[in-house]
Every structure is written in structure tokens, then in C-alpha cells.
Amino acid sequence: VGYSPGGPSLNPGSMDISAALAGSWSTVAADVAPLTLTASTRPTIGTNWTMSVDNIPANGVIGLDLLSLTDPNIPDLAAFGAPGCQLRAGIGGPSDLSFFYFAFGTATHPVVFPIPNDPWYVGFDLFVSSVVLQSPPINAAGAITANGIKGHIGTF
């Protein structure tokens, strides 16, 4: 016996539905994995900080990787037309960088930021996130955001 809300669906693995009914098992209108940013290395001087943007939707067109020294800490962008999305890396400031990529045709995008081999950078915090613009859009902003990652530059 199985259940799917239809369309793209996650595989939650095996479960005993009779045991789950008394707990937290529920159905949802959509079952799509969120845009996710994960780090596979630490930001260490003289190395590359390696991350990955996963679960890029099939209607993703353009992506932006955001790198900043600031975290605006906006937990919900509903006021900007992207309900449920967050902003965890600054955009448009003097210490902010964005890197453009084509998001269509791939579910995963590698993110690599080189950290200079200079002890002066030790102790800096870097904030990273990703944005994917979609066509057709699923919200008024036409974009979704990934979670943010805070990296503390170190020597090991």
C-alpha cells in the first residue's frame, strides 16, 4: 500500500501506516523537496570551500549563488512575493557577491569559493545562499531560495 499526492513526490521510505496514523503522519497537497544548499568542506585558508545546491526544480531557469559578509536574517520573504523563502546572505552591498548559473536541465549545481591563503582572513564569517528563478513562476517573485550556510574561516 502506498500514498502519493501526485506529481513530483519524495520517497519517505518504509513506514507502518497503522502506527503512524496515531502520530504525525499526514498528507500534503505537494511533496517536492526544497532547494537545499549543503557544504562538503569547511572554509579554510588556502583551500576551496565546496558546497552543492540540490533539488533544483525542473522549471528552474537561472540561478544565483550569493556570498556575503552579512546575514540579513529574513526568515520569510512573503512581503516580497516569495512566501516560505528566506534570505540568509546579503545582496547588493559592498561586501556581497553573486554568481550567475544556468539552472535548467540539472537538479544539482556545484558551488566552489576559493579562500585565499592569507592568515588575515582567519576569523571572518561568510554567509552563502542560492536563488533559483523559475518559469513558469510558482510565486509572485518568480524565485525560490535555498537555506543559508554560515562559514567561519579557519586554519583547519
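Start at 1 with the first residue, then count along the sequence.
Residues F104 and V132 fail the side-chain proximity criterion, which asks for heavy atoms closer than 4.5 Å. Within the 4.5 Å cutoff, the side chain of L69 has no heavy atoms near those of the D125 side chain. Using a 4.5 Å heavy-atom cutoff, the side chains of P83 and N139 are in contact. Under the 4.5 Å side-chain criterion, counting only non-hydrogen atoms from C-beta, I45 is in contact with T155. You'll find the side chain of F127 stays beyond 4.5 Å of the side chain of L67, heavy atoms only. Side-chain atoms of V128 and L66, non-hydrogen and from C-beta on, never get closer than 4.5 Å to each other.
Rounding to the nearest 0.5 angstrom, the gap separating the CG atom in N59 from the CD1 atom in I138 is 7.0 Å. Interatomic distance, R42 CZ to H152 NE2, rounded to the nearest 0.5 Å: 12.0 Å. Distance check: T47 OG1 to N117 CG gives 9.0 Å after rounding to the nearest 0.5 Å. Interatomic distance, F80 CZ to T145 OG1, rounded to the nearest 0.5 Å: 12.0 Å. Separation of atoms CD1 (I115) and OG1 (T41) is listed at 8.5 Å; rounding is to 0.5 Å.
Under the side chain to side chain contact (heavy atoms under 4.5 Å, CB included) test applied with Q86, the options N147, N73, I74 reduce to a single match, N147. Applying side chain to side chain contact (heavy atoms under 4.5 Å, CB included) to Q134 and the options I56, I62, I144, V61 leaves one that passes, I144. Between W49 and the choices V111, T44, L126, I153, the side chain to side chain contact (heavy atoms under 4.5 Å, CB included) rule is met once, by L126.
Residues V131 and V53 fall into different hydrophobic clusters, defined by Ile, Leu, Val, Met, Phe, Trp and Tyr side chains chained together at heavy-atom separations under 4.5 Å. If you chain together hydrophobic residues whose side chains sit under 4.5 Å apart, L35 and Y101 fall into the same group. No continuous path of hydrophobic side-chain contacts links V112 to L97 [ILVMFWY only; heavy atoms under 4.5 Å].
Under the 3.5 Å distance criterion, with hydrogens and angles disregarded, a donor-acceptor pair is assigned to the side chains of S130 and D65. Side-chain atoms of T50 and N48 include no donor-acceptor pair closer than 3.5 Å.
Residue A143 comes nearest to C85 through the heavy atom pair O-SG, 4.2 Å, listed as atom of the first residue, atom of the second, then distance. Nearest heavy atoms, L87 versus A89: CD1-O, 3.4 Å. Considering all non-hydrogen atoms of both residues, G63 and A103 come closest at N-CB, 4.1 Å. Nearest heavy-atom pair across P137 and G142 is CB-CA, 3.5 Å.
At most 12 heavy atoms of other shown residues, nucleotides or ligands fall within 6.0 angstrom of atom CD1 in I91. Within a 6.0 Å radius of CZ in F102, other residues, nucleotides and ligands contribute 12 heavy atoms or fewer.
In this structure, N55 contributes its side chain and T36 its backbone to no donor-acceptor pair below 3.5 Å. Under a 3.5 Å cut-off, the side chain of S52 and the backbone N or O of P110 do not form any donor-acceptor pair.
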- So M51 and F113, side chain to side chain contact (heavy atoms under 4.5 Å, CB included) or not? Walk me through it. CA-CA 9 Å; M51 292 163 274; F113 291 124; 3.5 Å; yes
